[in-house]
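Because the structure is predicted, anything quoted here is derived from the model rather than measured.
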Amino acid sequence: MKARLTISNKLLIGFGSLLLVVIINGLVTYSTSNANRKLNEDILNIYNPSMTSLQECKAMVNNSQMLIKNWVFIEVVSDTPDKKKLQNMHEVQFPKLQNELLTISKNWTEEEQAMLNVILTGINDTLFRDHKEIMHALREFSDYEDLMVAWEIKPMVEDGGQVIDETNRILAEIEELTEIISSKTEDANMEMAASFAWFQKFVVYSVVVIAIVVLIVSLITTRSIVVPVYKLKEFLISMTKGILPKEKLVTNNDEIGDMGDALNGFIESLRRTSEFAVEIGNGNYNADYEALGEDDMLGNALLEMRKNLQASDEANKKRQKEDEIRNWTTKGLADFGDILRHNSENMDVLSSNVMRRLVDYLGVNQGAIYILNEQDEANPFFEMKSAVAYNREKYLKTNFGVTEGLVGRCAFEKLPVYLKEIPEEYIKLTSGLGGAEPNYLLLVPLVINEKVLGVVEVASFNEIPQYQIDFMQTLGENIASTISSVRISEQTNKLLSESKMRGEELSSQEEELRQNMEELQATQEEAVRREGEMRLATDAINNTLGTLDLDLNGNIIAVNDMMLCLSHVDESEFVGKRFVDLYANSEAAKEKFEEVWNKLMIGESCVYEYVTCFQDIEMSFMHSLTPYVNPSGELEKVFDLVVNTTGQKETMAKIAAMSAQ
C-alpha cells in the first residue's frame, strides 16, 4: 500500500528542499565574504603598511645622501641643523623604521624577508658605516682645513664615489622590493574582484536553483492545489528563464497565499539585488541599495563588497594619479636638464630656450624670465631676458627693481607668488579673436645658496595645479644653478682674455722681476744679519734694563723680568694697570705725563723721570718712551725703557751731604 502524501507533507518536502538550498546559499555567501574579508585585512594590515614603510625608507636613504653631502661640502660649523638631522636619522629615525619593517616583514615570504635583510644590512653595515666614518673625520672646523682628510673624504660623496654608489644600489634594491610588494597588492585586489564576480554569478545561479526547487514543489502539489497555484506556476516558469515578473502574484488568505506573498517578496528582493549587482559590476558604487536587515547575509555581503571595491578603486586611482604626476615631473626635469646643459654658454639663448619649453610643457598661455642684472652694483635690477606669447606693445614693463612689483616681491620673499586675481592691465593676450586677460599668475624665484638670481613668471587662463608649482620650484633651483654657471663661464672667459693680454706684459717684466729677485735676495741676507744683531741687542736690553709695552690708551700690556726685579713686585702689579696710575702720583705729575703722552701720540720720543711707591718703598725710575710704528705707518704701541735711578739719587744725596760738611 502506497503511503499517502498529504499537502502538508508535500509542502514540508518542498520547503525543506528550498530551505536546504537557502542554507547552502548562505554557507557559500559566508565563505565568500570571509575570504574577501581576509584579503581586505591583508591589504590593509600588511601590503599597504609595507608599501608606506618602504617608501619612507627610500626617502630616508635619499635624504641621507643630501645630508652627508652637506656635511662634507657645506656645513663646516659643528651642530648645524642638517648635521643634527643626519645624526637623528642614524640614532632615532632609522632604528625606529627598521623595527617597523622587521615587524611587518614577519608576514612576508622568506625571499622578501631575505631582500629586506640585504637592504637593512647594506644600510647599517655599509652606507651608515661610511657616514659615521665621514662624520667622525669631519667633527670640528679644523678637520675641514686638513688637506689629507679632505683628499680622503670628499671623493666618497662625489658622483661615482663609494657613498653615492652604495646609496644608488640600496635605492635600486628598495625599488625592486617595493615593486614586488606592489605586485602582490594588485594581485590581492584582482583576486578580491574576481571573487566578487564569482559571487555575483553564484547569486544568479542560486536564484535559478531556488526557482527549480519551487517548480518541483509546485508540480508535486499540482493535483491538490492546481487552480490556486496556477499563477504561481506561470511566475516560476518565467523565473526559470531568468525573467523576474514585473507584476505581483494575486494571493488568497491561505497557505498557498502565504507562499505567493513570500514569492512576491523574494522576487522583489532578487530584482533589487540583481540590479545592484549589475550596477556594481558596471563600476557604479553609488547605486542605492539597502539590506533587508542585520541578518541579510547576501545584502550585507554585497554592501561590504561595494565598500571594499570602492576603497580599492579609489586607492588605485590615487596611486595612478600620483604615478602620473611623478612621471611628469621626472620627465620634465630630465628635459630641462638637457636644455640647461646644452645652453650654458649664453644667457640670452638659455633664457629663450627655457621659456619656450616651459610654456609648452606647463600648458600655460605665456611666460617670461627675469635675470638679476648687477652691472651697476649700486642699482641692481631684474631684466627681462625672454618672453613667450607677450604682446610687447601692451606689456607695461620689462625691467623691475629688486623690490619693485610682483617680481620684486617674489625675489624679496624667496617664495612662489600665486595669484588667482591678476591686477588690471598687468598682462594682456591678443589673438585674432580679440584681447583677454589671464586668470592665474605664478612667479617663482630662482634661488641658489640663499641668493635670488632671477624670477620666472607664467600666466594662464586655467588654474595652475600644486604639483606644477612644486615642479617650478625644483626647476627654479636648477635654472639658478645654471645661471650661476653661465655667469662664472662668462666671467672666466673675460678673465682669460684679460689674462692673455697681461701675460704679454708679464713676459716683458719677467727679466726685470728676475733682477729684482736677485736684489731682494741680497737685501734679505742683509736683513737676516741685522736681525741677528737686533736680537743680541734686545737680549742685552732685557738683561740690563726694564721694559714696558703700553697700548694707545696708556695701559700696560707687557713687562719683562728685569722690570719685575727692579720693582720687587710680580707681573699682576703691572699688566692691565694704567701707566699714569703707577708713575704719576700727583696732579702736577699727571699734567706732565699728559704733555709727554701727547708728544708720543704724534711720534716724538720722550725721556721722563718719575718717583713712585711700590709696597711702601719710594723708588725713582728714568723712563725712555718711544712710539712704535708698524710697517703700514700706523702707531701701534709705546715702548718704554726703564732705569732704576733710586740708588744713584741716594749716592748723589750722600755726596751732597758730605760736601756740605
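Side-chain contact between Asp549 and Phe639 is present, with at least one heavy-atom pair separated by less than 4.5 Å. Within the 4.5 Å cutoff, side-chain heavy atoms of Lys414 are placed close to those of Glu450. Residues Ile170 and Ile123 are in side-chain contact: their nearest non-hydrogen atoms beyond the backbone lie under 4.5 Å apart. Between Val444 and Leu475 the shortest side-chain heavy-atom distance does not fall below 4.5 Å. Two residues are said to be in side-chain contact when any heavy atoms from C-beta on lie closer than 4.5 Å; Glu457 and Leu443 meet this criterion. Counting heavy atoms from C-beta outward, Val354 and Val456 have side chains that stay 4.5 Å or more apart. In this structure, the side chains of Leu333 and Phe471 come closer than 4.5 Å at one or more pairs of heavy atoms. Side-chain contact between Gln65 and Lys69: present, with at least one pair of heavy atoms (C-beta onward) separated by less than 4.5 Å.
Side-chain N or O atoms of Asn630 include none that pairs as donor or acceptor with a backbone N or O of Glu636 at under 3.5 Å. Side chain of Asn439 to backbone of Asn462: no donor-acceptor contact under 3.5 angstrom is found. The closest donor-acceptor contact from the side chain of Tyr418 to the backbone of Ile469 lies at 3.5 Å or more, if one exists at all. With hydrogens and angles ignored, the 3.5 Å screen pairs a side-chain donor or acceptor of Asn346 with a backbone N or O of Asp348. No donor-acceptor pair closer than 3.5 Å links the side chain of Ser183 to the backbone N or O of Glu179. Side chain of Ser481 to backbone of Glu477: no donor-acceptor contact under 3.5 angstrom is found. Asn88 places no side-chain N or O within 3.5 Å of a backbone atom of Val92 that could act as its donor or acceptor partner. A donor-acceptor pair under 3.5 Å is formed between the side chain of Asp551 and the backbone N or O of Asn553. Listed for the Ser64 side chain is a donor-acceptor partner under 3.5 Å among the backbone atoms of Val61. The backbone N or O of Leu101 sits less than 3.5 Å from a side-chain atom of Ser105, completing a donor-acceptor pair.
The pair Glu173-Arg169 meets the salt-bridge criterion, with a side-chain N (NZ, NE, NH1 or NH2) lying under 4.0 Å from an Asp/Glu carboxylate O. A salt bridge links Arg409 to Glu413: one of the charged nitrogens lies within less than 4.0 Å of a carboxylate oxygen.
When all heavy atoms of Asp338 and His342 are compared, the pair lying nearest together is O-ND1, 2.7 Å. Across all non-hydrogen atoms, the minimal contact from Leu635 to Pro627 is CD1-CB, 3.6 Å. Pairing each heavy atom of Arg356 with each of Val388, the nearest pair is N-CG2, 3.8 Å. Shown here for Val364 and Ala459, the closest heavy-atom pair between the two residues is CB-O, 3.5 Å. Across Pro416 and Pro445, no two heavy atoms sit closer than the pair N-CD, 3.9 Å. Residue Ser53 comes nearest to Leu97 through the heavy atom pair O-CD1, 3.8 Å, listed as atom of the first residue, atom of the second, then distance.
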side-chain contact (heavy atoms from CB on, under 4.5 Å), that's the test. Do Met66 and Asp82 meet it? Break it down for me. CA-CA 9 Å; Met66 178 194 70; Asp82 279 355; 5.6 Å; no
Worked check of side-chain contact (heavy atoms from CB on, under 4.5 Å) between Val402 and Leu372: CA-CA 8 Å; Val402 292; Leu372 181 63; 3.9 Å; yes
Could you check Glu404 against Phe382 for side-chain contact (heavy atoms from CB on, under 4.5 Å), going step by step and ending with a plain yes or no? CA-CA 9 Å; Glu404 180 183 3; Phe382 288 101; over 6 Å; no
Determine whether Arg326 and Asp323 satisfy the following criterion, salt bridge (Lys or Arg N to Asp or Glu O under 4.0 Å), listing intermediate values before the conclusion. CA-CA 5 Å; Arg326 189 181 301 107; Asp323 291 341; 2.7 Å; yes
Quick one: do Leu406 and Cys410 satisfy side-chain contact (heavy atoms from CB on, under 4.5 Å)? Show the steps, please. CA-CA 6 Å; Leu406 293 176; Cys410 177; over 6 Å; no
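Partners of His90 according to the side chain to side chain contact (heavy atoms under 4.5 Å, CB included) rule, which considers only residues two or more places apart in sequence or in another chain, are Leu86, Phe128, His131, Lys132, Met135. Partners of Gln162 according to the side-chain hydrogen bond (donor to acceptor under 3.5 Å, both in side chains) rule, which considers only residues two or more places apart in sequence or in another chain, are Asp130. Contacts of Arg357 classified as side chain to side chain contact (heavy atoms under 4.5 Å, CB included), with partners at least two apart in sequence or in another chain: Lys331, Asp335, Phe336, Ile339, Asp360, Tyr361. By the ring pair (Phe, Tyr, Trp, His ring centres under 6.0 Å) test, Trp108 is found to be paired with no residue, residues two or more places apart in sequence or in another chain being considered. Residues that satisfy the side-chain hydrogen bond (donor to acceptor under 3.5 Å, both in side chains) test with Asn63, not counting sequence neighbours, are absent from this structure. Scanning for ring pair (Phe, Tyr, Trp, His ring centres under 6.0 Å) contacts around Phe381 gives an empty result, with sequence neighbours left out.
Atom CG in Leu127 sits 12.0 Å away from atom CG in Leu120 (nearest 0.5 Å). Here the CD atom belonging to Glu166 is positioned 10.0 Å from the CG atom belonging to Leu171, to the nearest 0.5 angstrom. Going from atom CD1 of Ile464 over to atom CG of Leu441 covers 7.5 Å, rounded to the nearest 0.5 Å. To the nearest 0.5 angstrom, Asn327 atom CG is 8.0 Å from Glu324 atom CD. Atom OG1 of residue Thr482 and atom CD1 of residue Ile448 lie 8.5 Å apart, to the nearest 0.5 angstrom. Expressed to the nearest 0.5 Å, how far OG of Ser182 lies from CG of Leu177 amounts to 11.0 Å.
Within 6.0 Å of CE in Met190 there are 12 or fewer heavy atoms belonging to other residues, nucleotides or ligands.
Partner of Ile371 under the side chain to side chain contact (heavy atoms under 4.5 Å, CB included) criterion, out of Leu350, Ile483, Val455: Ile483 alone.
A donor-acceptor contact closer than 3.5 angstrom links the side chains of Gln466 and Asp470.
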